[in-house]
Every structure is written in C-alpha cells, then in structure tokens.
Amino acid sequence: MVIYKATDYKDMSRKAANIISAQVIMKPNCVLGLATGSTPIGTYDQLVEWYQKGDLDFSAVTSVNLDEYKGLSHDSDQSYYYFMHKHLFDRVNINPDQTHVPNGMEPDSAVECQRYEDLIHSLGGVDLQLLGLGNNGHIGFNEPEEAFETVTHCVNLTQSTIDANARFFATKEEVPTQAYTMGIKTIMQAKKILVVVNGEGKADIVKRAFFGPVTPSVPASILQMHNDVTLVGDAAALSKINL
Ligand code: GLP
C-alpha cells in the first residue's frame with residue numbers, strides 16, 4: 001500500500017484528483033468506480049476545475065458507483081444518483097449514458113444486484129475504484145461482519161451508519177434503512193483502489209483498517225490484501241499511524 005499524507009483537506013483532494021487524472025490520461029476509456037459521502041466532494045471539485053481548464057477529458061470514461069439507497073429515486077436530493085450529477089457528472093463532459101449507479105427504485109433486490117454485477121463485468125471490470133471510509137470501517141455500504149466474498153447485494157444499514165448519514169436528511173426517520181452496494185469481492189476485483197480519508201474522527205478507524213488484523217468486523221481491513229491500494233489522508237486522519 002502506498003500512503004500519501006496531505007497537509008489538509010484541500011491538499012488531500014488535490015492529491016486524490018491527481019491520481020484519478022493520471023488514470024484518465026493514461027487510459028481515456030477507463031472504468032472509474034466512484035464513491036459518495038462528504039470526503040470525495042473536494043476531489044470531484046478539483047477534477048471539475050482541471051476539466052474547465054482544458055486539462056482533462058472525460059468523454060470516453062465510463063463510471064460505476066459503489067452504492068445507492070434502496071427506495072430513493074433519481075430526483076431525491078439524498079440519492080447517490082443526484083449527488084453524483086450535482087458534484088461531478090453535470091459539471092464535466094462525461095457521457096451520461098456511460099455513468100452507472102445502482103437503481104434504488106428497483107424493488108426486487110435480486111434483479112437489481114444481478115443486473116449491476118453483470119454490468120460491471122460486461123465493462124471489463126473497474127480500473128480505479130475510489131473509496132471513502134465509514135466510521136465503523138465500512139466501504140461502500142459493506143457493514144461490519146459482511147462476508148468478504150460478497151458481490152453486489154442489498155444490505156440492512158447499521159444504526160451507526162443510519163445515524164452518521166442522518167445529518168444529510170431533514171429527519172432521522174427519512175434515512176433509508178437499506179441500500180444496494182457493490183460487495184467486498186466486487187470492490188477487491190478493481191485493478192487499483194484509491195482511499196480518501198480526512199479529519200481526526202477517522203484517525204482510529206484508519207489505524208484499525210490498515211494496520212490492524214484483517215477481519216470482517218472492519219470491512220476495509222480486507223484492502224490490506226489488495227496489491228494496488230493508495231491511501232490519501234490529511235494529517236488529522238493519519239495522526240494515529242506511524243509513517
Ligand atoms: C456512506 C457511503 C460510503 C462513504 C461513507 C463515509 O456511508 N456509502 O461510501 O465512504 O458514507 O462518508 P463520509 O465521507 O461522509 O465520512
């Protein structure tokens with residue numbers, strides 16, 4: 001694993017955007033695995049800035065997102081579909097037909113998860129997967145104790161994840177309790193993985209995930225077994241590990 005220590009959030013975002021840019025420049029028709037949450041927003045802003053300057057071209061890129069809340073439609077401002085359009089897709093020249101997010105409105109979990117998994121395989125897999133890190137070590141929506149071998153599936157969100165995400169909703173009752181997510185196996189099949197973390201609130205989980213035992217109780221710990229992981233964190237998030 002390669003670890004880049006950034007001075008602050010802006011620097012973390014710039015370093016992460018540099019890695020994504022390199023991927024897009026080296027392979028213009030790459031498949032990017034994308035993530036939501038607050039952490040990658042600055043990374044997307046930086047990519048947009050470089051696109052506007054004429055330094056980046058997303059026209060041949062395909063994207064697949066990690067996850068989506070079950071039951072939220074595209075126009076719900078808390079859906080990950082909406083998030084991705086707001087923060088990236090509507091601001092760069094990516095072809096909307098080549099952007100993919102699990103369909104939260106498909107009520108049949110088995111149908112949607114199989115469709116999404118098949119889609120990823122039909123694209124030839126993910127070249128670079130961007131990940132944030134949940135407070136309890138979740139990646140995508142793979143909560144603690146998920147089997148490492150899972151592919152795209154429907155999860156019941158833990159109370160800690162529901163509580164953490166409640167800040168984005170008007171009331172806690174509105175936070176969906178289920179989501180579709182790429183599984184750990186799906187994520188591990190990406191050729192390269194880029195993890196972004198910031199803030200001292202993530203310092204403990206960064207240490208447990210990347211320097212503790214590999215265990216399903218910390219889903220991100222499996223990333224220690226991947227042969228091409230880059231972790232970019234600000235000083236606060238990396239404050240509990242020795243570099
Ligand atoms: C959500 C997303 C994850 C994300 C996590 C952390 O649960 N499904 O993909 O990594 O939040 O979010 P944040 O970056 O806001 O801490």
Side-chain angles (χ1 to χ4, degrees), residues 6 8-10 12-13 16-17 20 32-46 63-72 76-84 86-88 100-104 113 116 126 128-146 150 152-169 172 174-184 186-188 190 193-206 208-210 218-223 229-234 236-238:
D8 55 17
Y9 181 71
K10 176 93 186 143
M12 177 209 79
S13 302
I20 297 170
L32 295 180
L34 299 176
T36 55
S38 55
T39 313
I41 291 176
T43 305
Y44 295 143
D45 286 343
Q46 183 65 79
S63 72
V64 283
N65 259 77
L66 277 170
D67 48 11
E68 177 62 286
Y69 289 114
K70 185 172 177 182
L72 292 194
S76 160
D77 63 2
Q78 291 308 326
S79 74
Y80 287 168
Y81 176 97
Y82 188 99
F83 175 105
M84 288 310 304
K86 176 177 171 193
H87 291 289
L88 186 68
H100 306 281
V101 180
N103 178 11
C113 295
Y116 205 67
V126 173
L128 175 64
Q129 177 67 55
L130 175 64
L131 294 177
L133 184 63
N135 291 322
N136 59 3
H138 73 246
I139 47 177
F141 267 132
N142 291 276
E143 296 281 23
E145 308 304 344
E146 292 265 2
T150 49
T152 302
H153 60 297
C154 180
V155 289
N156 296 320
L157 302 177
T158 62
Q159 197 56 47
S160 104
T161 300
I162 293 171
D163 292 346
N165 289 336
R167 65 198 146 123
F168 301 116
F169 291 81
K172 215 174 238 189
E174 287 174 44
V175 190
T177 55
Q178 289 190 308
Y180 293 139
T181 183
M182 286 187 198
I184 301 272
T186 325
I187 293 169
M188 287 294 281
I193 293 180
L194 169 62
V195 188
V196 285
V197 281
N198 78 291
E200 63 176 312
K202 294 281 171 73
D204 278 321
I205 196 63
V206 165
R208 288 175 64 204
F210 297 103
V218 183
S221 65
I222 191 68
L223 299 173
V229 174
T230 304
L231 172 66
V232 182
D234 70 351
L238 303 188

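In each ligand, atom 1 is the first atom listed, and ligand 1 is the first ligand listed. Because the structure is a prediction, the values reported are computed rather than measured.
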Is there a salt bridge (charged side-chain N to carboxylate O under 4.0 Å, His left out) between Asp234 and Lys10? Walk through the geometry before answering.
CA-CA 9 Å; Asp234 70 351; Lys10 176 93 186 143; over 6 Å; no
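- Here Ala16 pairs with Thr43, Leu194, Val196 under the side-chain contact (heavy atoms from CB on, under 4.5 Å) rule; sequence neighbours left out.
- For ligand 1, the atoms closer than 4.0 angstrom to any heavy atom of Phe141 are 7 (O), 8 (N).
- When each atom of ligand 1 is checked for a heavy atom of Leu133 under 4.0 Å away, the hits are 6 (C), 10 (O).
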Using side-chain contact (heavy atoms from CB on, under 4.5 Å), reason through Asn142 and Ile187 one step at a time and then give a plain yes or no.
CA-CA 10 Å; Asn142 291 276; Ile187 293 169; 3.7 Å; yes
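- For Thr161, no nitrogen or oxygen atom sits less than 3.5 Å from a nitrogen or oxygen atom of ligand 1, counting backbone and side chain alike.
- Counted by atom type alone, Asn103 and Glu68 present zero donor-acceptor pairs between their side chains at under 3.5 Å.
- Ranking the protein heavy atoms by distance from atom 10 (O) of ligand 1 puts Gly132 C, 3.2 Å first.
- Between Tyr80 and Phe83, the ring planes lie perpendicular to each other; the angle is over 60°, past the 30° to 60° tilted range.
- For atom 12 (O) of ligand 1, the closest non-hydrogen atom on the protein side is Gly37 CA, 3.8 Å.
- Closest to atom 9 (O) of ligand 1, if we only count protein heavy atoms, is Gly140 O, 3.6 Å.
- Atoms of ligand 1 lying under 4.0 Å from any heavy atom of Asn165, numbered from 1 in the order shown and given with element: 7 (O).
- With Pro40 as reference, Leu130 is the one residue of Leu130, Leu131, Leu88 to meet the side-chain contact (heavy atoms from CB on, under 4.5 Å) rule.
- Regarding atom 1 (C) of ligand 1, its nearest protein heavy-atom neighbour is Tyr80 OH, 3.7 Å.
- Close approach of ligand 1 to Thr39 is summarised as follows: ligand atoms under 4.0 Å from at least one heavy atom of the residue are 13 (P), 14 (O), 16 (O).
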Begin with the C-alpha distance, continue with both residues' side-chain angles, and end with the deciding distance and a verdict on side-chain contact (heavy atoms from CB on, under 4.5 Å) for Val195 and Phe210.
CA-CA 11 Å; Val195 188; Phe210 297 103; 4.2 Å; yes
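- Remark: Ser76 pairs with no residue by the side chain to side chain donor-acceptor pair (under 3.5 Å) rule, at least two apart or across chains.
- Regarding atom 16 (O) of ligand 1, its nearest protein heavy-atom neighbour is Lys202 NZ, 2.7 Å.
- Of all the heavy atoms of Ala35, none lies under 4.0 Å from any atom of ligand 1, so neither backbone nor side chain is involved.
- Among protein heavy atoms, the minimum distance from atom 4 (C) of ligand 1 is reached at Thr36 O, 4.0 Å.
- Protein heavy atom nearest atom 7 (O) of ligand 1, with residue, atom name and distance: His138 NE2, 2.8 Å.
- Contact between Glu143 and ligand 1 is absent, with no heavy atom of the residue lying under 4.0 Å from the ligand.
- Shortest contact from atom 8 (N) of ligand 1 to any protein heavy atom: Asp67 OD2, 2.8 Å.
- For Glu174, the CD atom sits in a packed shell: over 12 heavy atoms of surrounding residues, nucleotides or ligands are nearer than 6.0 Å.
- Here the closest non-hydrogen pair linking Ala6 and Met12 is CB-N, 3.3 Å.
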